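We count ligands from 1, going down the list as the structure has it; atoms in each ligand are counted the same way. Quantities reported herein were computed from a predicted structural model and do not represent experimental measurements.
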Amino acid sequence: MNADNPLQQIIGLTRLINEHNHRYYVLSAPVISDQEFDTLLRQLENLEKLYPEFIQPDSPSQRVGSDLTKQFGQVVHKYPMLSLANTYTEEELRDFDQRVRKATGNEVEYVCELKFDGVAIGLTYRNGVLVRASTRGDGTRGDDVTANMRTIRSIPLMIRGRQCPAEFEVRGEVYLTRHQFQKLNAQRIDEGEEPFANPRNAAAGSLKLLDPAEMARRGLHCFLYYLLSDSLPYATHYQNLEVMKSWGFRVSDYRARCRSMDEVTDFIGEVDKGRSEFPFDIDGIVVKVNSIEQQQLLGFTAKNPRWAIAYKFSAEQAATRLLSIDFQVGRTGAVTPVANLQPVLLAGTTVKRASLHNADIIAQLDVRIGDTVIIEKGGEIIPKIISVDLRQRPAHSDPLEFIITCPECGTPLTRNAGEAIFYCPNSDVCPPQIKGKLEHFISRKAMNIESLGEGKISLLYDKGLIRNAADLYELKYEDLFGLEKVLQTEDKTKVLRFREKTADNILKAVEASKAVPFHRVLFALGIRYIGETVAKKITKAIPDIDLLMSTDRDALASIPDIGERIATSVVEYFANPEHRMLVGRLRRHGLIMKEEVKSVHSGGILAGTSFVVSGVFTSYSREGIKKAIEENGGKVVSAVSQHTDYLLAGEKMGPEKRKKATQLGVQIIGEEEFNRMIGVNPTLF
Ligand code: IVH
């Protein structure tokens with residue numbers, strides 16, 4: 001690299017970093033540490049600041065745009081974005097094979113691929129550079145989502161190698177792993193947002209985000225499965241997939257070339273058996289004619305190619321009777337209807353309850369008590385009612401009416417304009433809302449009062465010992481010792497009794513929670529739309545509760561990433577005198593109400609956070625870094641699992657650990673980032 005020539009340096013660094021990105025995100029085989037990677041990136045960013053005119057179009061610094069895209073432009077597809085004809089039966093697959101053989105002569109080879117259950121995307125490259133990404137839209141034109149797609153790290157901004165058509169398009173599917181989906185939903189529930197119904201909806205919602213930085217945080221992935229160009233490099237689809245892979249695209253290796261329908265159905269059977277093992281949802285298998293010449297011969301109908309078909313796995317269904325409906329009230333006051341069903345076996349488990357989502361869905365299904373309903377288990381965890389068997393409807397049944405008052409406290413329900421969900425507005429009095437708020441308050445990411453679980457909170461509430469979070473800090477040993485409650489589960493009776501140790505542990509954990517930093521205290525209050533990340537952003541801008549309580553809506557809304565809706569929610573929360581009183585009491589009990597300027601090793605900052613440590617570190621010995629984690633309240637565990645928060649990666653870390661962490665979506669951080677977390681200035685060493 002020529003040290004005197006900034007252009008050469010920028011080009012060299014861009015290429016080098018892109019190579020490492022490819023190794024990390026596509027091949028899952030990195031060769032440098034995160035820290036080394038970050039150093040390279042910083043060098044490049046510094047040079048780019050000095051010489052912005054030399055920034056390369058595929059620069060890794062261009063991935064996370066922080067500017068807001070106000071609205072999406074429209075893109076006219078050069079090649080219409082068609083969908084596939086579907087089938088659920090082997091018979092129809094054989095019909096398809098007959099049609100293909102008739103039109104092309106007898107020799108046909110098929111390529112079978114996974115049918116990813118995500119959102120279709122088209123990426124256009126000109127001279128090897130990504131110039132446009134668009135959604136399917138109506139097939140003729142779609143939304144321009146280039147800024148968002150650039151944040152997906154497995155999508156090359158510039159292809160590898162030189163041998164590619166001057167212009168080409170790749171089509172693929174953007175998706176979220178099941179693990180990322182659950183994480184995202186848990187976060188949304190914490191923030192009082194409606195969770196997504198399944199990973200596909202979550203991916204679709206993410207693509208339409210106006211803030212690419214937020215999209216980047218969601219950790220979407222993309223598989224590519226189709227190459228289009230006026231001059232395709234190879235005569236078969238399979239070879240074109242291989243060349244796409246060599247250009248740096250993520251192409252699934254889970255595919256097969258088949259010479260007969262028997263081979264195709266074997267592949268389908270194999271995938272169907274193992275599909276729960278994939279970390280993402282698939283909903284079938286796509287069968288494509290391999291020869292491009294034969295594809296052209298077959299051509300397209302108005303909607304689908306004649307050279308491909310999707311075999312869809314059927315979601316298992318069962319018919320059963322709807323016995324009753326419960327209306328459950330959550331922490332935010334949202335009322336969710338849940339169907340109680342005559343128990344029935346579905347996909348290996350006995351189902352007794354099904355989700356009915358909201359009032360609109362009940363009305364749309366016109367489902368009534370006593371009806372025979374068809375339930376289905378798709379990607380979702382709770383089965384859903386998909387239809388009613390009207391032939392079996394009892395003679396005298398009434399349409400179901402959604403309740404108008406809260407089933408727990410009798411308060412009239414409200415509904416925001418344009419929203420499907422009803423809320424109980426009596427948030428400070430309605431029992432499940434209070435219990436839900438207390439459960440949120442003690443949860444791991446909030447005050448982390450581990451020894452108080454859901455059951456114990458409920459007991460303390462039922463005994464009249466706690467009504468709000470401040471009451472927790474007034475609990476005495478005498479209140480707790482000897483408390484008991486009989487828990488009746490379906491098959492057994494359990495007695496929950498507070499013995500000496502339980503009482504002691506609760507009091508200790510309550511005391512320890514007083515060291516929790518301000519941003520987590522703010523999150524713990526359970527203000528609607530204030531999740532963990534938002535709480536951090538607010539306390540960074542307004543590091544003191546008194547200041548926060550007197551900040552107006554406009555000032556709040558001017559904080560980066562804080563919109564009107566969040567600002568209004570904060571202002572409304574603190575306008576309520578009861579909430580101000582609660583804050584006052586919590587403060588008197590010693591909770592931290594200011595974001596502290598962290599000194600070296602301030603206590604408890606990592607409370608509730610678990611780390612796996614791997615590799616060699618610059619400024620710590622292996623034991624030293626573990627000690628630093630523990631001194632800050634964190635936990636060191638040996639193996640990466642779904643419950644691990646961070647993989648702390650040193651140099652020469654084990655590739656297996658990184659692979660596992662990447663698969664499970666566990667965040668990987670380097671030493672420098674860790675130091676920032678615990679507030680250590682590395683220059684002190
Ligand atoms: S090929 C012209 N291959 O399924 C044919 N599609 O229901 C282009 N999909 O629109 C599509 N996995 O969004 C193809 N391996 C795969 C796929 C796949 C998922 C999606 C795609 C398509 C839809 C059709």
For the ring-ring contact (aromatic ring centres under 6.0 Å, His included) test, which of Tyr254, Phe223, Tyr226 pairs with Phe116?
Phe223

If you count only heavy atoms, which residues are under 4.0 Å from ligand 1?
Leu82, Ser83, Leu84, Glu113, Leu114, Lys115, Phe116, Ala120, Arg136, Glu173, Tyr225, Tyr226, Val286, Lys288, Pro305

Pairing residues for Thr135 by the side-chain contact (heavy atoms from CB on, under 4.5 Å) criterion, not counting sequence neighbours:
Asp143, Val145, Leu207, Lys208

Close aromatic pair by centroid cut-off 6.0 Å: Phe168 and Trp247
yes

Hits for side-chain contact (heavy atoms from CB on, under 4.5 Å) against Ala166, two or more places apart or cross-chain, chain-then-number order -> Asn127

Kindly indicate whether a cation-pi arrangement holds for Arg171 with Tyr225, taking the cut-offs as under 6.0 Å to the six-membered ring centre and within 45° of the axis.
no

List the residues meeting side chain to side chain donor-acceptor pair (under 3.5 Å) with Arg259, not counting sequence neighbours, and say none if there are none.
Glu107

